[in-house]
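Only one structure is covered here, and it is reproduced in the block below.
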There are 2 protein chains.
Amino acid sequence: MKELIAKYREKGLKITPQRLAIFKFLEGNTSHPSAEDIYRHIKKTYPAISFATIYNNLQALKERGEVLEITIDSQKRHYDPNTEPHHHIICTKCNKINDVFHDYSEAVRLPNYITEEFKPVGNHIDFYGICRTCQKKGGR
Amino acid sequence: MKELIAKYREKGLKITPQRLAIFKFLEGNTSHPSAEDIYRHIKKTYPAISFATIYNNLQALKERGEVLEITIDSQKRHYDPNTEPHHHIICTKCNKINDVFHDYSEAVRLPNYITEEFKPVGNHIDFYGICRTCQKKGGR
DNA sequence: TCTAATTTTAGAATAGTTATAATTTAGAAT
DNA sequence: ATTCTAAATTATAACTATTCTAAAATTAGA
Ligand SMILES: [Mn+2]
Ligand SMILES: [Mn+2]
Ligand SMILES: [Zn+2]
Ligand SMILES: [Zn+2]
């Protein structure tokens with residue numbers, strides 16, 4: 001908490017109550033929330049919060065490498081405060097996104113005809129699956 | 001051409017000139033166009049074409065498994081008439097999307113803690129890189 | 001040729017996101 | 001503690017991509 005404040009002060013951000021609430025919500029969060037998910041959560045404590053504040057802060061965090069945009073859902077963007085390289089699995093029924101911590105960098109070597117054309121800079125795997133909960137529901 | 005018409009008739013679609021133009025544009029297309037890309041192309045031949053027609057037809061094609069939505073660009077959806085499993089590499093400078101034809105299915109086995117929670121149904125790898133053209137431009 | 005069902009179209013509606021400008025606030029300087 | 005200014009928040013407008021609606025036009029089969 002004290003560290004959270006210090007951390008973001010060092011990054012040149014003024015600490016406001018709304019902002020701090022957003023930081024706290026994201027800290028260690030593995031739910032891959034959308035802007036709206038964040039908005040709804042902060043609204044409980046700060047009912048006057050504006051959507052713009054959510055987007056402004058996500059922007060500030062992105063610029064400072066504290067949050068990553070996930071492009072896995074074509075409807076809306078999701079955000080991930082875990083900036084360590086990792087992958088995701090999304091439930092094709094309920095769209096729940098879970099982390100996949102496994103290093104596939106050796107396994108996914110690009111074929112030569114691609115490296116002749118592109119200088120590789122990274123990769124991300126989207127796995128698709130059906131989560132436990134949805135398996136049960138669908139099983140009927 | 002004759003086959004194209006027969007193919008879609010069999011799938012229960014009436015053949016209109018606009019529709020046929022869209023099918024022809026997509027046939028074998030590897031550019032991963034957005035709805036707007038398609039619209040702009042068809043507009044050259046059918047200036048009165050509506051955006052709704054583009055989306056209607058993409059919908060019809062999706063339902064019939066003739067086109068896939070690609071979720072790699074958070075701004076807009078892209079479409080791929082190649083429904084064979086394959087992956088993509090996107091240029092982080094100009095957003096060009098190229099195909100990566102390589103079977104990684106053995107290489108990207110999910111860890112157990114995931115398969116205990118999800119029944120896997122597929123995967124897709126987004127590679128990131130810098131294309132030749134952008135390498136030259138950036139080199140200055 | 002006639003007709004019913006489908007498709008196209010213009011335009012309105014909606015959802016997600018970004019921009020604008022007035023007001024408020026954080027935190028540094030006094 | 002008070003003052004000051006840059007930065008942050010807010011309401012709201014604007015914008016972009018996509019979906020919906022309902023009327024008009026077209027297709028394909030009888
Ligand atoms: Mn994650
Ligand atoms: Mn492709
Ligand atoms: Zn699920
Ligand atoms: Zn490029």
Side-chain angles (χ1 to χ4, degrees), chain A residues 2 4-25 32-43 45-64 66-79 95, chain B residues 2 4-25 32-43 45-64 66-79 95:
Chain A
K2 267 286 186 50
L4 244 192
I5 294 178
K7 173 177 172 190
Y8 288 107
R9 281 240 175 84
E10 274 162 33
K11 289 183 177 275
L13 294 174
K14 291 189 174 179
I15 307 303
T16 68
Q18 297 90 333
R19 173 165 279 177
L20 198 55
I22 294 172
F23 294 167
K24 279 196 212 151
F25 176 63
H32 309 91
S34 64
E36 197 192 352
D37 295 332
I38 301 169
Y39 175 74
R40 277 207 308 267
H41 182 265
I42 306 299
K43 214 168 163 56
T45 319
Y46 297 96
I49 191 119
S50 162
F51 240 112
T53 300
I54 307 295
Y55 281 109
N56 287 344
N57 279 289
L58 284 170
Q59 184 58 37
L61 289 169
K62 273 191 283 178
E63 282 167 5
R64 288 162 179 80
E66 293 292 326
V67 83
L68 254 31
E69 252 182 53
I70 311 190
T71 305
I72 196 173
D73 174 351
S74 67
Q75 297 283 311
K76 52 172 97 87
R77 296 179 196 163
H78 291 255
Y79 297 89
N95 292 322
Chain B
K2 267 283 183 54
L4 245 193
I5 294 179
K7 174 177 171 190
Y8 288 108
R9 279 242 174 82
E10 274 162 33
K11 287 180 177 276
L13 293 175
K14 291 190 173 178
I15 306 304
T16 69
Q18 297 91 332
R19 173 165 278 178
L20 199 54
I22 294 172
F23 293 168
K24 278 196 213 154
F25 176 63
H32 309 92
S34 64
E36 197 192 352
D37 295 333
I38 301 169
Y39 175 74
R40 277 207 308 267
H41 181 266
I42 306 297
K43 213 167 163 53
T45 317
Y46 297 96
I49 189 116
S50 162
F51 241 111
T53 300
I54 307 297
Y55 281 110
N56 286 345
N57 280 289
L58 285 170
Q59 184 57 38
L61 289 169
K62 271 191 285 177
E63 282 167 5
R64 288 160 180 81
E66 293 293 326
V67 83
L68 255 30
E69 253 182 52
I70 309 190
T71 305
I72 195 172
D73 173 350
S74 67
Q75 296 284 311
K76 53 172 97 86
R77 297 178 197 164
H78 292 256
Y79 298 88
N95 292 323

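In the text below, chain A, chain B and the rest are named by the order of the sequence lines, each starting its count at 1.
Of the listed nucleotides (C/dT8, C/dG27, D/dT10), C/dG27 has the atom at the smallest distance from the side chain of A/Ile15.
Contact check, A/Gln18 against D/dT10: a side-chain N or O comes under 4.0 Å of OP1 or OP2. A sub-4.0 Å separation between OP1 or OP2 of C/dT25 and a side-chain N or O of A/Thr16 is absent. Within the structure, a side-chain polar atom (N or O) of A/Arg9 is placed less than 4.0 Å from OP1 or OP2 of C/dG27.
For the pair B/Ile38 and B/Tyr55, the minimum side-chain heavy-atom distance is 4.5 Å or more. Counting only heavy atoms from C-beta outward, the side chains of A/Leu13 and A/Phe23 approach each other to under 4.5 Å.
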Below 3.5 Å between N/O atoms, which protein atoms pair up with nucleotides 19-25 of chain D? Just atom names and distances, please.
{"unit_1": "D/dT19", "atom_1": "OP1", "unit_2": "B/Arg77", "atom_2": "NH1", "d": "3.1"}

What protein N or O atoms touch nucleotides 3-5 of chain C N or O atoms at under 3.5 angstrom, if any, and at what distances?
{"unit_1": "C/dA5", "atom_1": "N3", "unit_2": "B/Lys14", "atom_2": "NZ", "d": "3.2"}

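The CD1 atom of A/Ile49 sits 16 Å away from the C1' atom of C/dT23 (whole-angstrom rounding).
Mapping B/Leu13 and B/Ser34 onto DNA chain D via the closest heavy atom, the residue that lands nearer the 5' end is B/Ser34.
The side-chain hydrogen bond (donor to acceptor under 3.5 Å, both in side chains) test with B/Arg19 singles out one residue from B/Asn56, B/Asn57, B/Thr53, and that residue is B/Asn57.
In this entry C/dA28 has D/dT3 as its Watson-Crick or G-U wobble partner, both defining distances falling under 3.5 Å.
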